[in-house]
Amino acid sequence: MKRIILLTLLCTTTILMAQRINHIQEAIADYDYETALILIAKEKTTIPLLLQKGKAQRGLGLNAEALSTYQEIIANDTANTRAYIEAAECCRSLAKNQQALKYYEQALDLNPENKYVRIQYIGLLLSLQKFQEALGESSLMTEKDSSAIALHLQAQSFEGMEEFLPATGCYYNIQEKYPDDYLAAAKLGALNIAGSYFDEAIEATEKYRRIDTTNVAVNRQNALAYCLNKDYPTAIQRYEYLVSQGDSSFHTCYYLGISYYAEEKYYEAHDFLEAARKYDPENVNLLYYLGRACAKTSWKKSGVEYLEKAIDLSIPKDSNMTRLYIGMTDCYKMAEMPKEQIESIRERYRKYDKQNHKLLYDMAFIYFYSLKDKKNTERCLETFLKTRPKEEKEEEAKLNEKGELVLDTKNYYNAAANWLKDIQSKQKIEDFFLGGNVPAKKNGINK
């Protein structure tokens with residue numbers, strides 16, 4: 001009798017537990033993750049429940065908490081491949097990419113044939129620009145797996161390493177094996193255009209268009225290839241189709257406008273170039289063609305304004321050039337190239353920083369200490385002192401609370417004046433002795 005009662009209790013408990021587990025699974029299946037977490041918290045911790053808990057936490061965007069849950073699983077079950085994969089996914093969402101790589105590697109150690117993990121691992125290497133490692137992994141993958149995804153990963157690795165010829169070969173291989181792969185066709189179009197192989201770009205994209213004429217990515221490359229190949233009527237046809245499909249992107253409007261301009265359809269060119277200008281109002285090439293199109297239509301004054309703006313944008317601003325020259329001067333200094341350092345300062349002062357007279361003092365400093373050129377040192381100091389405002393009086397150098405020299409412009413003028421006097425004074429003494437005019441002494445007194 002006792003056995004029967006005990007068995008009955010055990011069966012009842014098991015049934016209740018199974019029902020509770022079913023409720024958890026139903027809540028997760030219905031994406032009711034909050035309810036699932038509440039139910040899980042009432043149960044005794046097990047590996048399967050922790051996996052469900054992690055899934056629910058990730059579903060609610062609690063990736064840090066989910067990572068802790070999967071790490072708990074790994075600590076208790078070091079052979080749980082799923083936990084490593086999920087931990088890696090959490091790390092990626094938290095931008096802990098190096099840690100994610102380690103978890104993927106551990107998952108691959110446990111199950112080297114897991115294709116999903118290997119794809120994610122290579123994809124992460126690519127996103128981290130570890131192209132050499134990605135190429136090694138993807139090449140190993142393609143030895144056993146000739147799927148489109150494997151070949152794409154290998155091609156992307158080559159692209160990342162700027163080895164465009166083998167990358168192109170990979171995409172041709174994909175197009176040959178999987179002719180309906182639009183991404184390979186679009187990539188072939190882009191790579192061939194980048195290399196100015198416009199006929200090849202047209203051929204690759206047209207090959208795909210025989211299967212599907214609606215793909216936007218392929219049609220963009222196809223239209224661009226025709227435009228750059230100066231087949232403007234076909235380019236217009238392709239771009240007009242893209243526009244009819246709702247494509248109002250910068251490149252579509254810009255190159256359609258260029259194509260119309262080349263065909264001397266200036267009103268149409270104006271409309272599309274004006275649409276493109278909204279995306280990039282300071283694009284010099286766009287402003288040039290838009291201005292020229294305006295000049296040949298009713299917007300002649302606007303054409304003048306666009307060309308004036310294009311010219312203004314093309315001329316470097318003095319502030320930008322000054323910044324570049326400052327960097328160049330510093331580089332020359334670090335490289336111990338004083339002559340070039342002086343020349344860069346001179347060019348900066350002459351062309352872009354004309355009011356910064358202190359640069360003359362800087363040149364004098366380099367002439368004197370780096371080149372031992374007293375004559376040019378004097379010239380620079382004299383020129384610098386000529387820029388001193390007339391109303392400014394010579395004053396003693398100012399010191400701060402710490403007794404340090406306050407180096408404002410006035411103090412540089414004072415320092416330059418004293419420095420020049422010192423150089424000239426010493427030079428007179430040197431000239432005197434070099435001339436052999438040593439004064440005679442009489443009764444111990446110099447005459």
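Count residues from 1 along the sequence. The model shown is predicted, which means the values in this text are computed figures rather than measured ones.
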Item to check | Stepwise ring pair (Phe, Tyr, Trp, His ring centres under 6.0 Å) check, Y254 with Y279 | outcome: CA-CA 10 Å; Y254 175 70; Y279 295 99; over 10 Å; no

Item to check | Intermediate values then yes/no, salt bridge (charged side-chain N to carboxylate O under 4.0 Å, His left out), R58 and E86 | outcome: CA-CA 9 Å; R58 287 195 67 197; E86 296 290 354; 2.8 Å; yes

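Shown here for P179 and I211, the closest heavy-atom pair between the two residues is O-CD1, 3.2 Å.
Side-chain atoms of E206 and N222 include a donor-acceptor pair closer than 3.5 Å. Counted by atom type alone, Y349 and Q355 present zero donor-acceptor pairs between their side chains at under 3.5 Å.
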Please output the side-chain donor-acceptor pairs of residues 63-70 that fall under 3.5 Å, not counting sequence neighbours, one pair per line with the distance.
| residue | atom | partner | partner atom | Å |
| --- | --- | --- | --- | --- |
| S68 | OG | A64 | O | 3.3 |
| T69 | OG1 | Q57 | OE1 | 2.7 |
| T69 | OG1 | E65 | O | 3.1 |
| Y70 | OH | K55 | N | 3.1 |

Side chains of residues 186-193: which donor-acceptor pairs under 3.5 Å do they make with residues two or more places apart or in other chains?
| residue | atom | partner | partner atom | Å |
| --- | --- | --- | --- | --- |
| K187 | NZ | E159 | OE2 | 3.4 |
| N192 | ND2 | Y172 | OH | 3.4 |
| N192 | ND2 | L188 | O | 2.9 |

Could you pull out all donor-acceptor pairs under 3.5 Å where a side-chain atom in residues 329-337 meets a protein atom, sequence neighbours excluded?
| residue | atom | partner | partner atom | Å |
| --- | --- | --- | --- | --- |
| T329 | OG1 | Y325 | O | 2.8 |
| T329 | OG1 | S344 | OG | 2.8 |

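Two rings, from F365 and Y369, have their centers less than 6.0 Å apart. Between Y171 and H152, the ring centre distance stays below 6.0 Å. Ring centroid separation for the pair Y266 and Y261 comes in under the 6.0 Å cut-off.
With values rounded to the nearest 0.5 angstrom, K386 atom NZ is found 13.5 Å from H357 atom NE2. Atoms OG1 and CG, from T383 and L359 in turn, are 13.0 Å apart once rounded to the nearest 0.5 Å.
The side-chain hydrogen bond (donor to acceptor under 3.5 Å, both in side chains) pairs that include a residue from residues 283-301 are Y267-S298, D280-N283, Y288-R292, where partners are two or more places apart or lie in different chains. Sorted by first and then second residue, the ring pair (Phe, Tyr, Trp, His ring centres under 6.0 Å) pairs with a member in residues 103-138 form an empty list; sequence neighbours excluded.
Every residue two or more places apart in sequence or in another chain that forms a side-chain contact (heavy atoms from CB on, under 4.5 Å) with S249 is listed here: R220, D247, T252.
Salt-bridge formation is not detected for the pair R348/E343: no Lys NZ or Arg NE/NH1/NH2 atom is positioned less than 4.0 Å from an Asp or Glu carboxylate oxygen. A salt bridge is defined here as a Lys NZ or Arg NE, NH1 or NH2 lying under 4.0 Å from an Asp or Glu carboxylate O, and K102 with E105 fails to meet this definition.
S259 places a side-chain N or O within 3.5 Å of a backbone atom of Y255 that can act as its donor or acceptor partner. Looking at D30, its side chain never comes within 3.5 Å of a backbone N or O of D32 through a donor-acceptor pair.
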